[in-house]
S.K.: 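After the structure tokens below, expect a handful of questions from me.
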There are 2 protein chains.
Amino acid sequence: MAVEASTRQDTHTESADGEMPVPAMFRNLIGYHLRVAQETSFQAFARAAGKADLKPGWYALLTVLAERESMTPSELSRICGRDRSTLTSSLKALSHRGLIERQSNPDDQRSYSVRLTENGRRMQEQLHAIAVVYNRRLDEIAGKDKAVLIAVLGRIAATFGTPQHS
Amino acid sequence: MAVEASTRQDTHTESADGEMPVPAMFRNLIGYHLRVAQETSFQAFARAAGKADLKPGWYALLTVLAERESMTPSELSRICGRDRSTLTSSLKALSHRGLIERQSNPDDQRSYSVRLTENGRRMQEQLHAIAVVYNRRLDEIAGKDKAVLIAVLGRIAATFGTPQHS
DNA sequence: GCAAGATAGTTTGACATCAAATTACCTTGC
DNA sequence: GCAAGGTAATTTGATGTCAAACTATCTTGC
């Protein structure tokens, strides 16, 4: 993509086109690298999934459901770490496509539970196959540092994911 | 990758189990840990910024602008690694709040450049102060593994971030 | 019983992100 | 010069996220 608009009196050593150098100011910030790494790898997964018309956002839901007979939306949201309101449209789409079934709860009219259908299970397996490939690539990239990487990321999630204090 | 789940508190059902463990199926997936770590830490930053009515999404833009006299939206999008269309509304908001100024380019009527105003520079400094605190916490969490972490994240971004454009 | 409060799920609104389509303008090739 | 193609920015549409407000229903406390 051609890039190069001229008028860039440097500060950046001209990298071959397409490549965007990490701005000096961010080079030492973990948060920056974390965000970029997550976004780019997720996009790669999304593209691969999208080619088969599979929505990457469904993967976590279907995978969690594949491990349990059935769950309520609230349980799902807790396990997936997403706000309950986030699930409404996803469950609607999944249900509409016949990947999950809803069963109303006779003991509580407010609630219902969702369960994978056969098609849902197949979809989960397809998405899982794609996820496995990408995690394999990530493993290769991490190499011998994988354990350290996972340990540090786990500490980050534990620290920020558990609002300590008020 | 898209697998993300758990590790988030909630009106915890804190009983014997303590906290929601990482589902076994995801425990060894880098993509999962990457996603959770990024989301939780970013949200912590967002909350801190939000308390001062600062939008975390502005930080990267303002910071990049703070290092150069002026830039076009396209240059900004390249350096920030975001799609050009993503910037339109952000720049509109920043401009509307008087944090940046637009200057039309006399040589090209299609283009314009943006520049920080004094208020924009102050806003950048406020956000930067918040970002520094969070990156310091991240540094503490990473400890001696910081260099390895940044190296691996950089390799991930480089691998997935440079799609061999078909 | 019945009012008050808690809980399940949905709706709405503000942000972000990308990709594809649009509009306006510039550059080129002949 | 003028049509054809490229480029800058915007618009539109699909996903995805959270938080807050809202509806419906269940539970409680008296």
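Here is how names work: the chains are called A, B, and so on, in the same order as the sequence lines, proteins then strands, and each is numbered from 1. All of these numbers come straight from a predicted model, not from anything done at the bench.
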S.K.: Return the value, rounded to whole Å, for the distance between atom CE of B:M71 and atom P of D:dA9.
M.R.: 11 Å

S.K.: Does B:D145 reach the main-chain N or O of A:L149 with its side chain, forming a donor-acceptor pair under 3.5 Å?
M.R.: no

S.K.: Cationic tip of A:R35 within the cone over B:F42's six-membered ring, i.e. under 6.0 Å and within 45° of the normal?
M.R.: no

S.K.: Between the side chain of B:S77 and the main-chain N/O of B:S74, is any donor-acceptor distance below 3.5 Å?
M.R.: yes

S.K.: Is any side-chain heavy atom of A:L61 closer than 4.5 Å to one of A:I100?
M.R.: no

S.K.: Roughly, in whole Å, what's the span from CZ in A:R47 to P in C:dT17?
M.R.: 15 Å

S.K.: Rounded to whole Å, how long is the line connecting atom CG of A:N105 with atom C1' of C:dT7?
M.R.: 13 Å

S.K.: Distance check: side-chain N/O of A:Y112 vs OP1/OP2 of C:dT10, anything under 4.0 Å?
M.R.: yes

S.K.: Take the protein atom CZ of B:R82 and the nucleotide atom P of D:dT10, then report the distance between them rounded to whole Å.
M.R.: 17 Å

S.K.: Using the C1' atoms of the five pairs at each end, what is the angle between the end axes of the helix from C:dG1-D:dC30 to C:dC30-D:dG1, to 10°?
M.R.: 0°

S.K.: Under 3.5 Å between N/O atoms: give me all the protein pairs with nucleotides 21-24 of chain C, atom names plus distance.
M.R.:
none

S.K.: Check step by step if side-chain contact (heavy atoms from CB on, under 4.5 Å) holds for B:L34 and B:L153.
M.R.: CA-CA 9 Å; B:L34 194 51; B:L153 294 177; 3.6 Å; yes

S.K.: In whole Å, what is the span from the CG atom of B:L87 to the C1' atom of C:dA19?
M.R.: 15 Å

S.K.: Tell me what A:S85 touches on the nucleic acid: a base, only sugar-phosphate, or nothing, going by heavy atoms under 4.0 Å.
M.R.: base

S.K.: Which part of the nucleic acid, if any, lies within reach of A:S89 when heavy atoms closer than 4.0 Å are counted: base, sugar-phosphate only, or nothing?
M.R.: nothing

S.K.: Nearest-Å distance, CZ (B:F42) to P (C:dT17)?
M.R.: 8 Å

S.K.: Provide, to the nearest angstrom, the distance between the CZ atom belonging to A:R78 and the P atom belonging to C:dA8.
M.R.: 9 Å

S.K.: Measure from the side-chain N and O atoms of B:S111 to the backbone N and O of B:N105, and report whether any donor-acceptor pair falls under 3.5 Å.
M.R.: no

S.K.: Touch check for A:D108, heavy atoms < 4.0 angstrom, all strands: base, sugar-phosphate only, or nothing?
M.R.: sugar-phosphate

S.K.: Hey, which sits more toward the 5' end of DNA chain D by its nearest nucleotide, A:K55 or A:T86?
M.R.: A:K55

S.K.: Considering heavy-atom distances to DNA chain C, does A:R84 or A:R35 have its closest nucleotide positioned more toward the 5' end?
M.R.: A:R84

S.K.: Indicate, with a heavy-atom threshold strictly under 4.0 Å, whether B:S111 touches base, sugar-phosphate, or nothing.
M.R.: sugar-phosphate

S.K.: Report the distance from atom NZ of B:K55 to atom OG of B:S90, rounding to the nearest 0.5 Å.
M.R.: 11.5 Å

S.K.: Could you tell me whether B:F160 and A:F45 have their ring centroids closer than 6.0 angstrom?
M.R.: no

S.K.: Can you list the steps and then say if A:V152 with A:I30 is a side-chain contact (heavy atoms from CB on, under 4.5 Å)?
M.R.: CA-CA 11 Å; A:V152 176; A:I30 291 175; over 6 Å; no

S.K.: Mapping A:W58 and A:Q109 onto DNA chain D by nearest heavy atom, which one lands closer to the 5' end?
M.R.: A:W58

S.K.: Which is it for A:I79 and A:M71 under the side-chain contact (heavy atoms from CB on, under 4.5 Å) test, yes or no, and what are the steps along the way?
M.R.: CA-CA 10 Å; A:I79 292 181; A:M71 308 180 71; 3.2 Å; yes

S.K.: Starting from P on D:dT17, measure out to CD on B:Q43 and report it in whole angstrom.
M.R.: 10 Å

